[in-house]
2 protein chains.
Amino acid sequence: MVTIKDVASAAGVSTATVSRVIADKPHVSDAVREKVMAAVEQLGYRPNLVAQNLRAQQSKILGLIVSDIQNPFFRHISRAVEDTAHENGYSVILCNTDENPDKEKMYLQLMQDQNTAGIILSPTKRASREFERILKLNIPLAVIDRRVADFDIDNIVTDNLFLAEKITSHFCENGYQRIAGLFGDSSTTGIERHQGYLSALKKAGRNALKELVRFIAPRELTGYEAARDLLELAQPPDAIFTSNSLLAVGVLLAIKEKNLSIPGQIGLATFDDTSWAKLVTPSITVVDQPAYEIGQTATEMLIKRIKDPSRSARKVILKGHLIVRQSSVRP
Amino acid sequence: MVTIKDVASAAGVSTATVSRVIADKPHVSDAVREKVMAAVEQLGYRPNLVAQNLRAQQSKILGLIVSDIQNPFFRHISRAVEDTAHENGYSVILCNTDENPDKEKMYLQLMQDQNTAGIILSPTKRASREFERILKLNIPLAVIDRRVADFDIDNIVTDNLFLAEKITSHFCENGYQRIAGLFGDSSTTGIERHQGYLSALKKAGRNALKELVRFIAPRELTGYEAARDLLELAQPPDAIFTSNSLLAVGVLLAIKEKNLSIPGQIGLATFDDTSWAKLVTPSITVVDQPAYEIGQTATEMLIKRIKDPSRSARKVILKGHLIVRQSSVRP
DNA sequence: ATGAAAGCGCTAACAC
DNA sequence: GTGTTAGCGCTTTCAT
């Protein structure tokens with residue numbers, strides 16, 4: 001390994017001077033600068049980031065902790081975070097909690113132990129304890145996707161209530177009577193979306209039917225099972241609203257098995273647009289969260305906070321929009 | 001920040017003793033051990049990984065460098081690598097090169113500068129130069145997805161030739177005459193799959209038709225454009241084989257726009273199974289690469305190499321299998 | 001069994 | 001403008 005010492009002796013200067021040249025600091029004569037540069041070039045010297053980090057008590061790494069990288073929504077988030085981070089000279093450690101608070105804690109711990117510059121987190125439901133700990137550690141934090149009202153934290157979320165209301169109202173307007181809702185059970189997001197769902201029903205003068213609402217793990221399989229269950233009811237739903245695209249896949253499978261026609265016999269709409277939603281027959285109505293923007297905004301805010309830790313916390317709520325396709329509009 | 005020094009003075013011992021206790025080394029009396037543990041507990045001490053790494057000249061981080069995290073294949077890989085790494089006490093930095101050799105080089109550089117314990121890489125086509133450099137640096141490396149015959153490197157790949165042959169033969173057996181092929185242009189993978197495609201045609205006594213073969217960027221949009229182009233030919237193909245699931249999405253779009261019926265007017269089959277392939281109408285025939293296994297195997301091999309750098313290099317070729325669905329079988 | 005001290009590679013006072 | 005040196009937090013000889 002080529003160290004700064006090697007460069008120094010090769011260039012006939014001190015390590016301090018080499019350090020100055022590398023960091024592009026002033027107070028170095030052009031002649032010396034060139035000599036050092038030549039030595040750097042010739043030896044193929046690269047500064048050791050670990051040593052820099054130990055010295056500076058801070059790394060150039062951001063931690064991105066998400067609940068399920070399989071979920072297309074988080075794929076977009078991670079892409080955005082990576083892009084934005086690299087634009088600003090940071091790298092990203094991506095961590096997948098599987099909605100498991102223990103894993104989340106473990107990763108938070110790891111980020112701390114690694115002197116990570118900052119963390120972007122989509123917390124599990126029971127994470128509030130951790131916030132206090134992180135805030136106490138003074139490690140910059142931005143929370144995405146899920147709302148944290150009671151802490152002084154940068155928070156970037158979708159307007160879940162608004163979008164869930166929009167999708168439910170859309171069903172109502174298209175004459176659907178028994179609208180079922182499948183919501184994630186592992187985050188506050190599901191709760192907010194449920195509220196939007198209820199609010200839309202109320203505005204439409206409908207009664208909320210408890211037997212049509214399920215809080216479940218946001219996975220394909222659980223969506224499939226819940227839908228199969230719903231469709232077996234004496235009075236089955238005539239529309240299903242799912243809280244993410246994984247659930248939608250499962251519901252689609254169940255509907256196909258039952259040979260029900262969409263949107264005639266049953267309507268379908270979901271949170272999150274995906275590549276296949278517009279390709280299936282019929283194409284699927286969705287509300288599209290601005291995932292990329294969320295990731296980008298969170299990263300930008302986090303980096304600003306890293307540079308100015310005393311910056312006051314901000315809440316950003318991004319709207320998103322409804323994309324009406326075939327699955328929710330009766331012919 | 002609580003350091004080892006704080007613990008030492010709190011316990012009334014030296015830092016060396018604390019270090020021994022933390023690392024579970026022998027030659028510490030039970031009494032002292034307990035005293036130290038108590039202090040650790042009481043102060044909430046956590047060893048600083050950065051300092052450990054500087055000292056040990058090695059971190060517990062693996063770098064995973066893939067060409068496109070949007071590609072479901074790499075999503076499975078990354079899940080597998082993460083899982084396996086954490087089982088073995090390692091963390092993972094995920095990096096996305098976008099098939100860009102410059103980005104790849106940048107990340108490789110970063111991994112080196114960070115003292116990363118090892119790297120799992122799906123190289124871009126022009127990466128061979130880099131291999132030599134990495135090997136020279138003695139940083140353990142496992143290459144996945146793409147074959148590297150001419151270097152002494154751990155290499156875990158799918159049997160692309162075999163699978164491409166299988167899918168093409170399947171088309172032939174089902175009476176398709178003009179079988180088009182869309183291959184990625186940014187890796188050796190596309191080349192191998194093209195060879196399998198040719199080989200199957202030959203075995204079936206067919207002529208290869210050059211105008212039906214395209215080497216393109218493996219993305220949805222390019223797949224869409226290429227398919228639209230193919231379908232405009234005076235003699236269009238009656239089947240299309242795509243080299244990954246992103247391309248398949250684009251092709252599906254183009255076929256739908258043309259209002260062609262699958263599998264009657266045109267057959268379709270692709271590399272990589274996805275959640276939607278079995279849901280669309282008709283469901284899509286695929287060859288499923290053992291993505292999770294590839295990631296898992298690569299990680300296990302990498303960790304073995306980290307522990308024993310003199311271990312001889314291995315090539316592992318995993319087969320995968322054909323899943324026949326509706327899109328390639330005429331009624 | 002325990003401690004003192006050197007040093008991993010780097011930067012930033014401070015001195016000249 | 002340049003060099004000397006201390007020290008970031010940790011581990012590991014080498015003494016005792």
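Computed from heavy atoms alone, side chains included, the values below leave out hydrogens, waters and symmetry copies. Note on naming: letters A, B, ... go to the chains in the order of the sequence lines (proteins, then strands), and numbering restarts at 1 for each one.
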K.L.:
Mind checking A:Val50 for me? I need base, sugar-phosphate or nothing, with any heavy atom below 4.0 Å counting as a touch.
P.N.:
nothing
K.L.:
Can you identify which nucleotide, out of C:dG9, D:dC10, C:dT2, has its nearest atom closest to the A:Ala51 side chain?
P.N.:
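From the listed options, C:dG9 comes nearest.
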K.L.:
Can you see if the side chain of A:Thr17 gets near the phosphate of D:dG3 - specifically, an N or O under 4.0 Å from OP1 or OP2?
P.N.:
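Answer yes for this pair, as a side-chain N or O of A:Thr17 is under 4.0 Å from OP1 or OP2.
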K.L.:
Select one nucleotide: of D:dG9, D:dA6, D:dG1, the one nearest the side-chain heavy atoms of B:Arg55.
P.N.:
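Per side-chain heavy atoms of B:Arg55, the pick is D:dG9.
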K.L.:
State, to 0.1 Å, how close A:Thr84 and A:Glu300 come at their nearest heavy-atom pair, and which atoms those are.
P.N.:
CG2-CG, 3.7 Å
K.L.:
Looking at B:Ser29, I'd like to know whether one of its side-chain N or O atoms comes within less than 4.0 Å of OP1 or OP2 on C:dT2.
P.N.:
yes
K.L.:
According to a strict under-4.0 Å criterion, is B:Ser19 in side-chain N/O contact with OP1 or OP2 of D:dT11?
P.N.:
yes
K.L.:
Side-chain donor or acceptor of B:Arg20 under 3.5 Å from a matching atom on the base of C:dG3?
P.N.:
yes
K.L.:
Nearest heavy atom decides the nucleotide; on that basis, is B:Ala56 or B:Thr15 closer to the 5' end of DNA chain C?
P.N.:
B:Thr15
K.L.:
Hey, is the side chain of A:Lys25 poking within less than 4.0 Å of OP1 or OP2 on C:dT11, counting only N and O atoms?
P.N.:
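The answer is no; no side-chain N or O of A:Lys25 sits under 4.0 Å from OP1 or OP2.
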K.L.:
Between B:Gln52 and D:dT11, does any side-chain N or O lie under 4.0 Å from OP1 or OP2?
P.N.:
yes
K.L.:
Between A:Gln57 and D:dG7, is there a contact of a side-chain N or O with OP1 or OP2 at under 4.0 Å?
P.N.:
no
K.L.:
Any donor and acceptor pair, going by atom type alone, linking the side chain of B:Glu99 with main-chain N or O of B:Ala217 inside 3.5 Å?
P.N.:
no
